[in-house]
Amino acid sequence: MIFINKFQKRIFGLSLIFVFVFAVVILRYWCIATETEYAAMAREYGKYKVSVENGDGYIYDRNFFPLVNENNKYITVTANSGNSKSLEQEAADIEEFREQTANKKPFAFESLKKLDDNLYTTTFEVPERYSENQIAQHLIGYKSEGVGVSGIEYAYDKILRGNTSENTVSYNCDGYGKVMLGEGKKVERETNLKYGVVTTIDYEIQKICEEAGKDIEKGAILITEVKTGDILAMASFPSYSVDNLSDSLNDERSPLINRCFYSYSIGSIFKLVTACEAINSGYADFVYNCTGSVDVYGKKFRCHDHNGHGQQDMIQAMTNSCNTYFIELSKKLDTESFRNTAFSLGFGREIHLFAGGIASTGILPTVKELSIPAELANFSFGQGKLSATPLHINQLTCAIANEGQIPVLRVIKGVTADGETIGNEKAPQLSSVMEPETAQLLRTLMAAAINNNENSNAKPYNVMAAGKTSTAQTGKFDENGLELYNAWITGYFPVYEPEYAVTVLIEDGGYGNDSSAPVFRKIIEKIQKIKKSD
């Protein structure tokens with residue numbers, strides 16, 4: 001018995017020792033685990049940085065005036081101190097603010113106004129990408145989820161988003177994420193974010209066009225610099241808001257499309273091309289007696305004046321927009337040469353401005369199609385299968401106004417790193433498409449079409465302009481069975497020293513002289529006014 005008791009005591013003692021050692025080992029592992037967790041927490045919270053993006057690169061006009069990022073919004077970083085309730089009232093999104101506050105970590109939120117900086121809060125002014133009435137919206141395009149979707153935003157996405165810098169606030173925190181107030185904070189502000197894309201757009205001229213066209217249901221306005229082909233304004237109607245894209249998608253007027261890139265029937269403006277080929281072929285002195293209609297192999301073509309214009313030379317025919325004159329004139333022209341002239345003047349060609357910004361080729365009938373007399377008759381005054389974009393019409397106008405030198409249209413000047421200079425900007429590209437003497441005669445025709453026409457609505461009061469209107473059949477009809485017409489005008493000013501080419505299209509707008517010409521006149525008057533005030 002004594003032996004058994006001693007043995008049991010030894011077993012009990014060894015068990016105690018084993019339990020003690022086991023407890024020490026467990027305690028050690030627990031300490032190590034705790035230290036590891038604490039070290040991880042310390043690493044995570046010892047330095048806590050909140051970043052605020054400063055925005056995307058700029059899109060500038062030709063004078064480095066920002067077309068986007070014009071307005072600023074306020075982003076406040078808070079260290080989640082006891083002033084959360086007062087800050088909550090300044091948050092643009094209160095629910096999001098409350099969710100962020102629950103995390104008990106420093107965070108950033110959009111504030112309704114600029115808040116004073118203190119130990120707990122820091123406010124940054126950052127560019128707001130689009131304003132409520134964004135200028136040149138179709139050209140600029142828009143982005144979604146941080147990526148460019150259309151326009152320049154799409155074409156130059158990598159450049160506009162490639163150098164994004166940040167504003168930061170760094171805090172010293174304890175292992176539980178609580179800001180150590182005695183340690184203060186470190187603020188870094190981005191102050192030199194000026195990189196971006198420089199366009200040829202003139203901000204003031206763009207504004208004039210958008211204001212002049214605000215009542216246009218569907219249409220486009222283009223203004224270019226005659227001698228360079230630089231696009232100074234590009235407006236498509238109706239416009240749209242980036243904040244209401246779903247509404248635009250459901251709008252039957254298709255506001256998201258840029259109508260400057262779409263092709264339409266063009267009508268009488270094409271008489272300038274017919275006149276160009278006739279002058280080149282020696283028929284500048286052609287005279288015709290308009291009786292109101294003409295028969296082309298059994299098909300009757302009517303002039304818009306059913307009573308006829310009487311005896312017409314080329315200047316009178318252009319002024320009166322006499323269809324039958326140009327039909328008869330086209331019979332004297334070589335069909336292949338006639339079509340080649342149209343092609344050399346840009347018709348039937350793609351116009352590439354930037355990635356995704358490509359104008360439709362439109363339709364230029366083939367020589368075979370034009371061998372049909374009725375097709376040639378239609379072609380002579382811009383009807384039939386022929387179609388073109390506002391860009392094509394404006395380019396033609398530049399060639400006439402610039403002594404036969406047609407420019408390559410452009411809307412991008414280049415890229416800037418500092419908001420002041422452009423790297424590797426290319427010079428304007430021009431090519432000769434007609435003799436200067438031919439261009440001079442065409443300018444005379446365009447000047448007469450406005451200034452010799454007492455009924456013209458295109459005459460500005462403060463400068464002399466030249467131009468040509470169109471009322472183009474569309475083959476579409478309204479609910480009353482009446483045919484819809486595209487209303488056009490294209491022209492340039494000043495007459496004697498051309499600087500600007502102006503093209504206005506109003507889709508389904510009726511008569512060119514009634515709807516497009518007054519817009520044309522208003523634009524020119526306002527541009528001339530700001531020119532004189534400079």
Whether over 12 other heavy atoms sit under 6.0 Å from [X] [atom1]:
{"X": "Lys332", "atom1": "NZ", "result": "no"}
{"X": "Lys529", "atom1": "NZ", "result": "no"}
{"X": "Tyr511", "atom1": "OH", "result": "no"}
{"X": "Tyr154", "atom1": "OH", "result": "no"}
{"X": "Tyr496", "atom1": "OH", "result": "no"}

Whether [X] side chain and [Y] backbone form a donor-acceptor pair below 3.5 Å:
{"X": "Asn486", "Y": "Asp508", "result": "yes"}
{"X": "Asp230", "Y": "Glu225", "result": "no"}
{"X": "Asp305", "Y": "His309", "result": "no"}
{"X": "Asn320", "Y": "Cys322", "result": "no"}
{"X": "Asp61", "Y": "Tyr203", "result": "yes"}
{"X": "Thr366", "Y": "Glu369", "result": "yes"}
{"X": "Thr199", "Y": "Tyr60", "result": "yes"}
{"X": "Ser515", "Y": "Gly512", "result": "no"}
{"X": "Arg259", "Y": "Phe237", "result": "yes"}
{"X": "Ser265", "Y": "Gln473", "result": "yes"}

Name every donor-acceptor pair, under 3.5 Å, that has one atom in a side chain of residues 278-290 and the other anywhere in the protein, sequence neighbours excluded.
from	atom 1	to	atom 2	distance (Å)
Asn280	OD1	Thr438	OG1	3.1
Asn280	ND2	Cys276	O	3.4
Ser281	OG	Glu277	O	2.8
Ser281	OG	Glu277	OE2	3.3
Asn289	OD1	Gln311	N	3.3

To the nearest 0.5 Å, atom CG of Leu139 lies from atom CG of Leu67 at 8.0 Å

Q. How far apart are the C-alpha atoms of Lys522 and Glu525, what are their side-chain angles, what is the distance that settles it, and do they pass the salt bridge (Lys or Arg N to Asp or Glu O under 4.0 Å) test?
A. CA-CA 5 Å; Lys522 186 176 182 180; Glu525 288 173 350; over 6 Å; no

**Prompt:** Where is the tightest heavy-atom contact between Ala439 and Ile400, given as atom of each residue plus distance?
**Reply:**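 So the minimum-distance heavy-atom pair works out to CB-O, 3.7 Å.
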
Task: Considering all heavy atoms, the nearest Val495-Ala447 contact - done: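 Looking at all heavy atoms of both residues, the closest pair is CG1-CB, 4.5 Å.
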
message: Within 45 degrees of the ring normal and closer than 6.0 Å to the centroid, is that where the cationic atom of Arg349 sits relative to Phe343?
response: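 Yes, a cation-pi geometry.
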
Check whether Tyr156 forms a cation-pi arrangement with Lys158 (NZ or CZ under 6.0 Å from the six-membered ring centre, at most 45° off the ring normal).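 Judged by the rule (NZ or CZ under 6.0 Å from the ring centre, within 45° of its axis), Lys158 is not positioned above Tyr156.
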
With the threshold set at 4.0 Å, does a side-chain nitrogen-carboxylate oxygen contact exist between [X] and [Y]?
{"X": "Asp56", "Y": "Arg161", "result": "yes"}
{"X": "Lys331", "Y": "Glu328", "result": "yes"}
{"X": "Lys214", "Y": "Glu211", "result": "yes"}
{"X": "Glu204", "Y": "Lys531", "result": "no"}

Practice task
For Lys227 and Glu499, run salt bridge (Lys or Arg N to Asp or Glu O under 4.0 Å): C-alpha distance rounded to whole Å, both residues' side-chain angles, the deciding distance at 0.1 Å, then the answer.
Solution key: CA-CA 7 Å; Lys227 294 187 181 301; Glu499 292 182 51; over 6 Å; no

Side-chain touch [X]/[Y], heavy atoms, less than 4.5 angstrom:
{"X": "Tyr492", "Y": "Asn402", "result": "no"}
{"X": "Leu396", "Y": "Phe270", "result": "no"}
{"X": "Ile422", "Y": "Phe64", "result": "yes"}

Tyr485 and Glu507 side chains, donor-acceptor separation under 3.5 Å: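 No, no side-chain donor-acceptor contact under 3.5 Å.
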
Exercise for the section: Report the C-alpha distance between Ile358 and Leu353 in whole Å, list the side-chain angles of each, state the deciding distance to 0.1 Å, and finish with yes or no for side-chain contact (heavy atoms from CB on, under 4.5 Å). Expected result: CA-CA 6 Å; Ile358 303 172; Leu353 297 180; over 6 Å; no

